[in-house]
Structures are given as C-alpha cells and as structure tokens.
There are 2 protein chains.
Amino acid sequence: MTTIKDIAKEANVSTGTVDRVLHDRGGVSQETSDKIKGILRKKNFKINQIASSLAMKKHLNLATLIPMYDNQNVFWKSPASGIQKASQEVNANGVEITNFFFDQFDPKNYIDTFNKLLDSNPDALIMAPIFVKETSLIIKSLNERDIPFIFLNINQKGYNNLCYIGQKSFEGGSLAGQLLNLCTTQDDELLIVQTRKNLDDYRSFSQRGKGFIDYFNKNNIKKSIHQIQFDGLKNESNVGKKINSLLKSNKKIKGIVVPSSRTSNIIELIHPDIQAIIKVVGFDTTPKNISALKKGQITFLISQKSFNQGYKSIITMVNYLIHKVKPDPEIPTPLEIVTKENVEFIEYDMRRYDSGL
Amino acid sequence: MTTIKDIAKEANVSTGTVDRVLHDRGGVSQETSDKIKGILRKKNFKINQIASSLAMKKHLNLATLIPMYDNQNVFWKSPASGIQKASQEVNANGVEITNFFFDQFDPKNYIDTFNKLLDSNPDALIMAPIFVKETSLIIKSLNERDIPFIFLNINQKGYNNLCYIGQKSFEGGSLAGQLLNLCTTQDDELLIVQTRKNLDDYRSFSQRGKGFIDYFNKNNIKKSIHQIQFDGLKNESNVGKKINSLLKSNKKIKGIVVPSSRTSNIIELIHPDIQAIIKVVGFDTTPKNISALKKGQITFLISQKSFNQGYKSIITMVNYLIHKVKPDPEIPTPLEIVTKENVEFIEYDMRRYDSGL
DNA sequence: TCGCACGATGTGTACGCACACGAATATAAG
DNA sequence: CTTATATTCGTGTGCGTACACATCGTGCGA
C-alpha cells in the first residue's frame, strides 16, 4: 500500500506538500503540483480513509427533523432506526446526531420543533418536509445560516436541498398496478383506497394513486378502477361499512390497492368472505402489514426500504461534510416486492450495511 | 467522547493496562481489572474503531476461489464485482485479496486452481464449493493448515466452514411457485425447465425445482406441473424444438419456471405466439435476463443479490479475522422479486459501482 | 547597492486514538 | 540477597491532517 510518505519521498517534497495537492488547498507551484499528481496517478494512490478520519476528528453536529412515531403511526420508526444505526457507525468519526421529532399532523409543532433544533447549532440537517408552507420558512432559515440539508422520504421541489433520498412514489404505484393486473383477470375491476382526504399533490399517497392508474393507461389496458377516500381511519366502523357495501355492490372488484402504509388497517375491516377472493397490494413493511401478509390478507407489499433511507441519509451527509462527496440530487430507494414467501428474508438487509471497518 | 487515556487517568494506570483489559490479554491483577471494567462501564466507553483499525494494521491475505465467468456464463461476474468492491473498502485495513478463478465444468481445474491458491499462503478463503468429491479434499487441506473458509453461493453440509452466505434455493423455488400461481388461473398448467441434467441434489437448480413443487403441496393446490430437462444448451435448435412441441401439445401450460440463470436463453427459443400468452418466472438478474424482462418475455425474476453475497463474504471474513466477530452459520441473502416496473430501482449500489468505476 | 518586506512555496511535526511490546518495577519465593 | 514471576509503565507505530515556521526570490525605497 502506497502512503503519503512514499509519494513525498519520490517527489522530493514533504508530506505536507503532498497533502496540499491532495486537497487542493493551494500554495503549491504548478510544477510541483503536476509532478506530485503524476506520481499519485502512477502509484494509484488512494487516501487511507481510516487514517484520514482519525486525523480530522471533525466535530460534526447533525440534526434530524422527522415525524415522531407511535403505535398508531409506526411508519417513521423504520427510518429512525436506520438513522440510529448510521449514527453509531459514524460516531467514531466524531459525528454526533440529535433527533428532533415533531407531530406529523401539526404544522405549528413542526416549526416549533425546528426552532428548538436551530438552538442546538447543527452543522447539517436531515429532514422530512411534510408541510408545504412551513417548509418554505424553514429552508429560508437554513439558507441564512448556510446549513446544508437533505430531504428524506418526502420531496419538495424548488429548494437547494443537497439531495432527496426516498422512494419514487409514482413508479411504486405503477408497480402496484402491474402486480394487481398480473394476479387478476381481464374482466376484473380494481379499487384504490385512499386513507386521507385533501391529499397534497406531492405526497406519496397521491403519487402512488396516479402511478397506479398510469400503469393501465401506458399499457393500453382497459380497466374499471374505482376509488374511495377516507378522512383518516378514526371512525373504523364507518369506514368498514362503506368499503364492504362498495364491494358487495361491485362484485367484479377483485383487486384492491391501498397506497399508504395503513393497508392492514383497511383490510381488517373487510368481510372475510370477500377477503378470501380478493387480491390486495399495499405499501410498507410495518409489523401489522407483515402480519397481514403472513395471514394471506395481503398479497403483495411494496417496501420502500425506509430503514435504508434513514441510514443512507446520514452516510450521505457525512460523506459530503467530511469527504466533500457531492451526492446525486436524487437517490431513489428500491421498490422491494414482498410476499408471504420471501418476507422471512427481507429484514436481513437491515443488518446489512458495512460494519464501519 | 471518552478515550482510553481518560479511562487510564481515572484508574491511575497506563493506557497499556486498559488495553489489556479491553482485549482480555491477561497479565492484569483481578483488582485492577475490576476497577478498570467498572470505569469502562460507568463512562460507557466504546473502542474507537477508526483508531483501532489504524493501529492494528494487520496484514491479511485473503483468497477467493470461484468460477470464472464469460459471455456464456455470466452469473459469477456479479459476486466477483461484490468481492471487488469490498476489496477496495478493506484495502485501507491492510487486507489484500487475491482471486482465483476456475472452470466450473472441470473438477480437475478446480483442484489445480486451489493448489495454486495454496501457494500464495492465504490467511483465509472464500470459496464456491461446486464439486462434491473435490471439495472434500480441499477442506482437508484447509483444515491441516488451519485456514478458515466461507462457502459462497453454494452450500455443502458437514464441513467446518465459518458460515454459508447465499440464497435459500428451496425457498426461492417456493416463491416462484407462489408468483406463477398468482398470475395464472386455477386450471392452467405449469412447466419446469431444467437446463442441466444429472443435477447434484444440493445444487440450486435442483433445490428450486423441489421448492417450486412444494409450494403447491404445502398449500393444497392441485396443479399439473410438467418437467423437461436438457443437458446444457449447446444444441439450441434441438432444445427449441422440444420445448415448442411440448407447449403446442399442452395448450393448458400457461406458466414456465426456469430454475437457473439461463432463463432468457430458454425463453428466446419459444415461439412468439406462445411467448405472448405465457407467464415466465426466472432467476438471477443477468444482463440478458433483465433485457428479456424489459421486453416482457419474462414476468418475474428472482434475484439472489449475488453482488451482495460477494461483498458480504469479504466483510464477514474480515470482521472475523480482525474483530473476532463470529458470524451466523447461515447468512441468507434476500429473495428479491424483480419486474419490468421496479427493475430500474434495484441494486442501485451495484450499478453505481459498475458504472462509476 | 544595500536592506527590508512580502508573497509564494515548502518543511517539520504535533496530534488524533488504540495497540502491543520491551522495559521497568513490585512482589514473592528460595 | 538473588532469581523468578506477576504487574504495570512508557512509548513507538500506523497514516493523514493542518498549522507554525523556514526558505527563497523579487521588488521597492533609500
């Protein structure tokens, strides 16, 4: 392995000079610089990241701003775990991460939490920009302070975020379309169940619905696609009544897609007789969804690997801050298809990422 | 962040003594040891992996023994790339990796290559134990020299391999069963196409076939499942004739599974009219398979993420040798379902690696 | 012509943290 | 008091980073 010392010796300069060239820190004559660069190439020199990390010992202070999770809304637990894992790994690099959780149904709390976060003087921020107007204020604040930020799981256009890490919701919807189309027959009809009303257009719920319909359009497949929308699932018995009556009056509906992570909540309300003959595609591998999948109530789950999203967001930011690696502006996470038969093997990936050697 | 120095100061000992305690290297009195351990716990001390790696700078020499790949047999390119990637990452740890490729159809070459490998005095080995008898000889050799080894992609029981990293072939077959069952109707019949004869029972081809059939048994689904077997695909026109005549005389066959990575080779031989009405499940995301998937010739591909297998094998071994982390005896890689609609988003990491380097 | 200032360029080295080995010290045994 | 044994100390090592300092050459004023 070639070290900086080797390079320095061959170029008849000191290691300090080589270091300047490596990091473009200036103060080196063109001639010397060229000579060193040549030797670097010739010897195929690569910075030893281990030694580099040790030497830098940057004290970085990252903050995250994502929704809090509870038993009712468990989705965000998964990215939070990914963040947690990454956090442990980069800890040795002198990177500290503080999580700030907000109420995903309360814009004011979003702002308040952000202000608390600002007080901690973070060097960078990983955030889920849930509310449109409030996000605009937040970004303004960030830009004034020159704090770089990454959008996680939810994207909003028009900002100077370092990158977006998350799913392609529209494409996820198309995938759901393909799957339901494959496991139903030509004459069968389909149903989209939205669990929220007043969907902001940019939200995944909305995009998935559009992508779903688009699948049939782009492939010239004639399909009757019904839609039903609820304003949350607080009133379960009411929701159940409506769905069941719809399904009873439309016997040709043989496939349902729920473009949110609340898939199992919906399915459980459906009459068992109908459950038995209907194919269901849902999103996200929450524990309840997985349990429904295993019971056969859900046919396919499409996972966005939100654990990985959280994990990657940290790694990407650290790479940017420490190693100046500019990420792609969009880092899509895979659309992972999960069924009863492969569900046992998917979780494994959570343990995967490199052990921080 | 607490360092060894902090601990040492508080315990009134030198850092060397703390280090001994940390690594159970002995030579420390019970009393001192207890005191230090107490402080370690109290301060929640964690070894700084960065500094640790730098200090150790073990010079490890890993070897790999896997089949060579070419245009005809491209499968092993993927694990090799994973190994390559991991190789670069651990390079900074002073770990050197040498690859030894053998002819997967020639047992003698397997042994010869292994002997060459032995001459390089490796500290550990990652291998694909393709041939039964020859593997037994190889393992004997390894054990005499106390060289730890990992089985990659192919498992053989009864050896003291550190672990097995690879797919669950049987379960992969079951998954194929589920998918074909979902996208065909009750009366449709199915076909298994084996591309090799004389299958060793432990090989993935064979296990997948069994798992496929088992899916229908365990779920009490009555299905006519046909099987056809070829001795390699050298004589393509002959293979094509046989398949087409089989499909023409059995019009009820609406689904085909090819339990090997040669899926696209088979499908291309099938008459276009039949292709159009038949669902196909295949294995492995080779470039040709992916291209067939995009053209609609293949409905589902089941990937074993062989890139990750290769990658993991190295990381696992290095963790074992340097950090003494004993891996699980079986590390299954996910059964990833790939369709036309999500193929763009799979293995983001790998594509990046392939193109970026 | 001398002296000095200053920018440009380059040197030398302390530092980050854990590791491990030779040397020193303490303690016990003979 | 010597030898042996058990503990513990002190420090060089791994490699890159970055800052304080040294060196050189040029230009300018007197």
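So that the names make sense, note that chain A is the first sequence line, chain B the second, and so on, each numbered from 1.
Contact between the side-chain N/O atoms of Thr32(A) and the OP1/OP2 oxygens of dT9(C) is not found at any separation under 4.0 Å. An OP1 or OP2 oxygen of dT8(D) is reached within less than 4.0 angstrom by a side-chain nitrogen or oxygen of Ser29(B). When the side-chain nitrogen and oxygen atoms of Ser52(A) are compared with OP1 and OP2 of dT17(D), one or more of them lie within a distance under 4.0 Å.
Lys5(A) has its NZ atom 9 Å from the C1' atom of dG14(D), to the nearest Å. Note: CG (Leu40(A)) to C1' (dG16(D)) measures 13 Å, nearest angstrom. Ile4(B) has its CD1 atom 13 Å from the C1' atom of dG16(C), to the nearest Å. Distance CD1 (Ile50(B)) to P (dG16(D)): 14 Å, rounded to an integer number of Å. For the pair Glu31(A) CD and dG25(D) P, the computed distance is 13 Å after rounding to whole Å. When rounded to the nearest whole Å, the span between CD1 of Ile36(A) and C1' of dG16(D) equals 14 Å. dC9(D) atom P lies 15 Å from atom NZ of Lys9(B), rounded to whole Å. Atom pair Ile47(A):CD1 and dA18(D):C1' shows a separation of 13 Å (rounding to whole Å applied).
End-to-end axis angle for the helix from dT1(C)-dA30(D) to dG30(C)-dC1(D), using five pairs per end and rounding to 10°, comes out at 70°.
Each salt bridge (Lys or Arg N to Asp or Glu O under 4.0 Å) pair with one or both residues in residues 11-21 of chain A, not counting sequence neighbours, appears once here: Asp19(A)-Arg25(A).
Within 4.0 Å (heavy atoms only), Thr3(B) reaches sugar-phosphate atoms of the nucleic acid but no base atom. Note on Asp6(A): nothing from the nucleic acid sits closer than 4.0 angstrom, heavy atoms only.
Applying the side chain to side chain donor-acceptor pair (under 3.5 Å) criterion to Thr15(B), with sequence neighbours excluded, gives no partner residue. Under the rule for a side chain to side chain contact (heavy atoms under 4.5 Å, CB included), the partners of Asn161(A) that lie at least two apart in sequence or sit in another chain are Phe149(A), Phe151(A), Asn155(A), Tyr159(A), Tyr164(A). A search for side chain to side chain contact (heavy atoms under 4.5 Å, CB included) contacts involving Ala63(B) returns Phe100(B), Leu117(B), Pro122(B), Leu125(B), not counting sequence neighbours. Residues meeting the side chain to side chain contact (heavy atoms under 4.5 Å, CB included) test with Ala124(A), sequence neighbours left out: Leu62(A), Pro148(A), Met317(A), Leu321(A). Remark: Asp112(A) engages Lys108(A) in a side chain to side chain contact (heavy atoms under 4.5 Å, CB included) (not counting sequence neighbours). Taking the side chain to side chain donor-acceptor pair (under 3.5 Å) definition, one finds that Thr316(A) meets it with nothing, sequence neighbours left out. Not counting sequence neighbours, the partners of Glu10(A) by the salt bridge (Lys or Arg N to Asp or Glu O under 4.0 Å) test are Lys42(A), Lys43(A). For Phe102(B), the ring pair (Phe, Tyr, Trp, His ring centres under 6.0 Å) partners two or more places apart in sequence, or in a different chain, are Tyr110(B).
When the nucleotides dG14(D), dC19(C), dG10(C) are ranked by their closest atom to the side chain of Leu54(A), dG14(D) comes out on top.
Residues from residues 19-28 of chain A with heavy atoms under 4.0 angstrom of DNA chain D, sorted by number: Asp19(A), His23(A), Arg25(A).
Other residues, nucleotides and ligands contribute at most 12 non-hydrogen atoms within 6.0 Å of the CD atom of Glu96(A).
Residues Asp328(A) and Cys163(A) are not in side-chain contact: their nearest non-hydrogen atoms beyond the backbone lie 4.5 Å or more apart. Residues Val18(A) and Lys37(A) are not in side-chain contact: their nearest non-hydrogen atoms beyond the backbone lie 4.5 Å or more apart.
Take the nearest nucleotide of DNA chain C for Phe45(B) and for Gln30(A): the residue whose nucleotide is more 5' is Gln30(A).
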Heteroatom pairs (N/O) under 3.5 angstrom, protein to nucleotides 11-13 of chain D:
{"from": "dT11(D)", "atom 1": "O4", "to": "Thr15(B)", "atom 2": "OG1", "distance (Å)": "3.4"}

